[in-house]
Number of protein chains: 2
Amino acid sequence: MTRKRATKAVRLKDIAVKTGMSIATVCKILKGPPTSDLFAEGSVKRVKQMADRLGYRPNYHARSLQTGKSMTVGVAMAGSIESNIWFFGQMLGGIQNQARLLGHSLLLISPEKDRDSLATGLEYARCRQIDCLIVPHFAYSEESVRQMENVNLSVVLTTLYERKTSLPTVLMDPKPGIAQAVQHLADLGHRRLTWFGPVPGTDQILGDSREAVFSSAVKSLGLKGDSVYFSKLPAGAPDEVGEWVQGGREAMLKHLAGVPKDQAPTCLVCSDERHALGAYSAILECGLKIPGDVSVVGFDNIFAPVACPTMTVVSHMLPEIGRKAVEMAIAMADDPALVVKLRGHREYIPSQLIVSKSTVRPRA
Amino acid sequence: MTRKRATKAVRLKDIAVKTGMSIATVCKILKGPPTSDLFAEGSVKRVKQMADRLGYRPNYHARSLQTGKSMTVGVAMAGSIESNIWFFGQMLGGIQNQARLLGHSLLLISPEKDRDSLATGLEYARCRQIDCLIVPHFAYSEESVRQMENVNLSVVLTTLYERKTSLPTVLMDPKPGIAQAVQHLADLGHRRLTWFGPVPGTDQILGDSREAVFSSAVKSLGLKGDSVYFSKLPAGAPDEVGEWVQGGREAMLKHLAGVPKDQAPTCLVCSDERHALGAYSAILECGLKIPGDVSVVGFDNIFAPVACPTMTVVSHMLPEIGRKAVEMAIAMADDPALVVKLRGHREYIPSQLIVSKSTVRPRA
DNA sequence: TTGTACGCGTTATCAT
DNA sequence: ATGATAACGCGTACAA
């Protein structure tokens, strides 16, 4: 009637008894081809069928206790889930999928009162035999990450830009996506492309490096490029999404107020999706339409879907970054030699243009 | 030099040897007050200090193997992380925090090719001894959830509205937040409040039930209420955030086109944040300002921070829903009697108004 | 106040 | 081709 009665889990022993084989034999047979080859056809079949019939599942803890591996990958988030999930979730998706694919499960680690996630990660490595740790190197200091360089654990970093560390790192390559964006706008017929990014020299990552790629792409296609800049957020400002959006809005409002309407950009390439959202607002407020009057390309692929119209973006490919990181991390855990080989390794994930509804032909 | 050499983990036995006590004694002493009371002051001190000095950490798998508990709570997501994280992340934050607080860790479960998350959850219960399962009852059919009602595992559901099941459920109560929203607008001086929701009769949850609360709150304050409706999305439409936003925009555009400008709403209470974002767009396109001309209150607290200006919302309090669910689930796992007691239980989490920048006094 | 001895379910080694 | 047996590290009932 009720299934609630705690039915004891079925063990190797149960199968052994029912089939008249020994525990060891059953164990080996159920491990499959490498080890099961030495046994008689009949025995293999009998054991497997019995395991099936009884619904046998190996006990995870017993196995881990014995092997010292836990088939678990840890993910050390620098901040709380709530405040980071907006961009972190995408990467987490990739991480989870790949982990599952390789038969591993995921342990989410976030900072506690007195300890950061890296410390907790190491803790877990010791008491739970976590096999490897993925560290999204966004909000960590290089200092604190450096302490992970010599621990007895497979650590792989994920970032959006180069950071100083000998740990293997998976990071985004902004070039392909930006080049595609420029090409896309050119194909649509735009002749003057406007870069919307931080004042040069104020932000190496979001600014200078990406703008350089943009400029060279524009030049190589023989197009005109110009730029609108926003000032970096005041130092120490809370890293609130809303602040970024607001910053983008103000900069764009100011720019649009300063030029005659027929001189407004026909298309924008933004260094950051959040600023792009602010620009959306500013553009509408000035009586211009998106994409009719101004086409917009953002950078990232987080909020793009809620933009109205949904935004064409250069995607960071966060899921792919996460996926690759897990692949590397597990490989390292399985093969210690790799740990040495991958020292200082950089794995670049090409960014990619995702075309949506914010980009069209310019008005004639 | 290199710390890389796999230093064998320290075990109870190591402490036992170093202190000259038996393993059992060390074990009991390290468990603390309940069991350690019977031992001599001196012994306790010696053992504890030694454990400290050697950096002892109990082996998680050995412990779980012995106790049959894994100190792990599973979370069974109905869809992929990437596609759900936008609203699910908030709840996940609450889940993680509470789990950690109670010494548990989190196992994220998402659907696989041939099995949904609930099946995988049960699988984990069997082979990994996960103690309990949190099921965000959003995209699951009542059918498939019903199959969880008689399994030997602590299951707690989380939803935003009542669903038919005997499983204990944590859900949102929309009333408090909506009442606060109405009061807030009234306090600001608004006299006519406009509801922006789905056509009556087309959506029990987002529509009728919330609108009823709104209407009664408006009436009880002696204010005027009216409404603008959007049609439900066509059945089978992809549950894309962008579609919702677009739907909101079109409905609001249509409404604004149909009324003289001085009859436009001075404030909006939206049944859904995504539609509210669409309304944002429509309002700007019509040359009106937010919040100057139109104050807007959304529902949810997911995208509100990226709205420009950031949106005042009735928050679902998703982190709190997650937190409470974990609290209940772990309690049930610890005390089987609770499983019976909480049959059919409903735990309501009051929604709450979060005031931001999209609501101000109406123009004089 | 402390110790002995066994069991948890699996894997690995070494026999046969 | 198969089986005994000893780990893995911890918890606990029972003895001393």
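Both backbone and side-chain heavy atoms feed into the values below; hydrogens, waters and symmetry mates do not. Letters A, B, ... mirror the listed sequences (proteins, then strands); counts begin at 1.
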Quiz item: Quick one: CG on A:Leu106 to CD1 on B:Ile81, what's the gap to the nearest 0.5 Å?
Solution: 6.5 Å
Quiz item: What integer distance in Å separates B:Gln129:CD from C:dC8:P?
Solution: 13 Å
Quiz item: Parallel, tilted or perpendicular: which describes the rings of B:His61 and A:His61, with under 30° parallel and over 60° perpendicular?
Solution: tilted
Practice problem: Tell me which nucleotide among D:dT2, D:dC10, C:dT11 gets nearest to the side chain of B:Arg11. | Solution: D:dC10
Self-check item: Between D:dG9 (P) and B:Tyr56 (OH): distance, integer Å
Solution: 10 Å
Quiz item: So which one's nearest nucleotide on DNA chain D is more toward 5', A:Gly20 or B:Leu12?
Solution: A:Gly20
Practice problem: Name the closest nucleotide to the A:Ser22 side chain, picking from D:dC14, D:dA4, C:dT10. | Solution: D:dA4
Exercise. May I have the distance from A:Phe39 (atom CZ) to D:dT2 (atom P), rounded to whole angstrom?
Key: 7 Å
Quiz prompt | Length of the CD1-P vector between B:Ile23 and C:dT4, whole Å | solution = 10 Å
Quiz item: Nearest-Å distance, CD (A:Glu41) to P (D:dT2)?
Solution: 11 Å
Quiz item: For the pair made of CZ in A:Arg46 and C1' in D:dA1, what is the distance, rounded to whole Å?
Solution: 13 Å
Practice problem: Provide, to the nearest angstrom, the distance between the OH atom belonging to B:Tyr60 and the C1' atom belonging to D:dC8. | Solution: 16 Å
Practice problem: Give one of base, sugar-phosphate or nothing for B:Gly42, where a contact means two heavy atoms less than 4.0 Å apart. | Solution: nothing
Practice problem: Could you work out which one of D:dG3, C:dT10, C:dT2 sits closest to the side chain of B:Ser43? | Solution: C:dT2
Quiz item: So how far is it from B:His137 NE2 to B:Thr158 OG1, rounded to the nearest 0.5 Å?
Solution: 9.5 Å
Quiz item: Where the side chain of A:Met21 is concerned, which of C:dT10, D:dG3, D:dC10 is the nearest nucleotide?
Solution: D:dG3
Quiz prompt | Candidates D:dC10, C:dT13, D:dA1 - which lies nearest the side chain of B:Pro58 | solution = D:dC10
Self-check item: Salt-bridge present (A:Arg323, A:Glu327; N to O < 4.0 Å)
Solution: yes
Self-check item: A:Lys31, nearest nucleotide to its side chain (from D:dT2, D:dG9, C:dA12)
Solution: C:dA12
Exercise. Consider the side chain of B:Ala24, meaning its heavy atoms from C-beta on, and name the nucleotide among C:dA5, C:dT10, D:dG3 that approaches it most closely.
Key: C:dA5
Exercise. Spell out, as yes or no, whether a donor-acceptor pair under 3.5 Å connects the side chain of A:Ser117 to the backbone of A:Ala76.
Key: no
Exercise. Return the residues of residues 63-72 of chain B meeting this criterion: a heavy atom under 4.0 Å from some atom of DNA chain D. Order them by number, or give none.
Key: B:Arg63, B:Gln66
Quiz item: Once you round it to whole Å, what is the distance between C1' of D:dA7 and CG of B:Asn59?
Solution: 14 Å
Practice problem: Test A:Ile23 against every option in A:Asp14, A:Val17, A:Leu12 by the side-chain contact (heavy atoms from CB on, under 4.5 Å) rule and name the one that passes. | Solution: A:Leu12
Quiz prompt | Touch class at under 4.0 angstrom, heavy-atom based, for B:Lys28 against every strand present | solution = base
Self-check item: Flag for B:Gln129-B:Ser64: side-chain donor and acceptor within less than 3.5 Å
Solution: no
Quiz item: Just checking, is any N or O donor in the side chain of A:Tyr348 or A:Thr169 under 3.5 Å from an acceptor N or O on the other one?
Solution: no
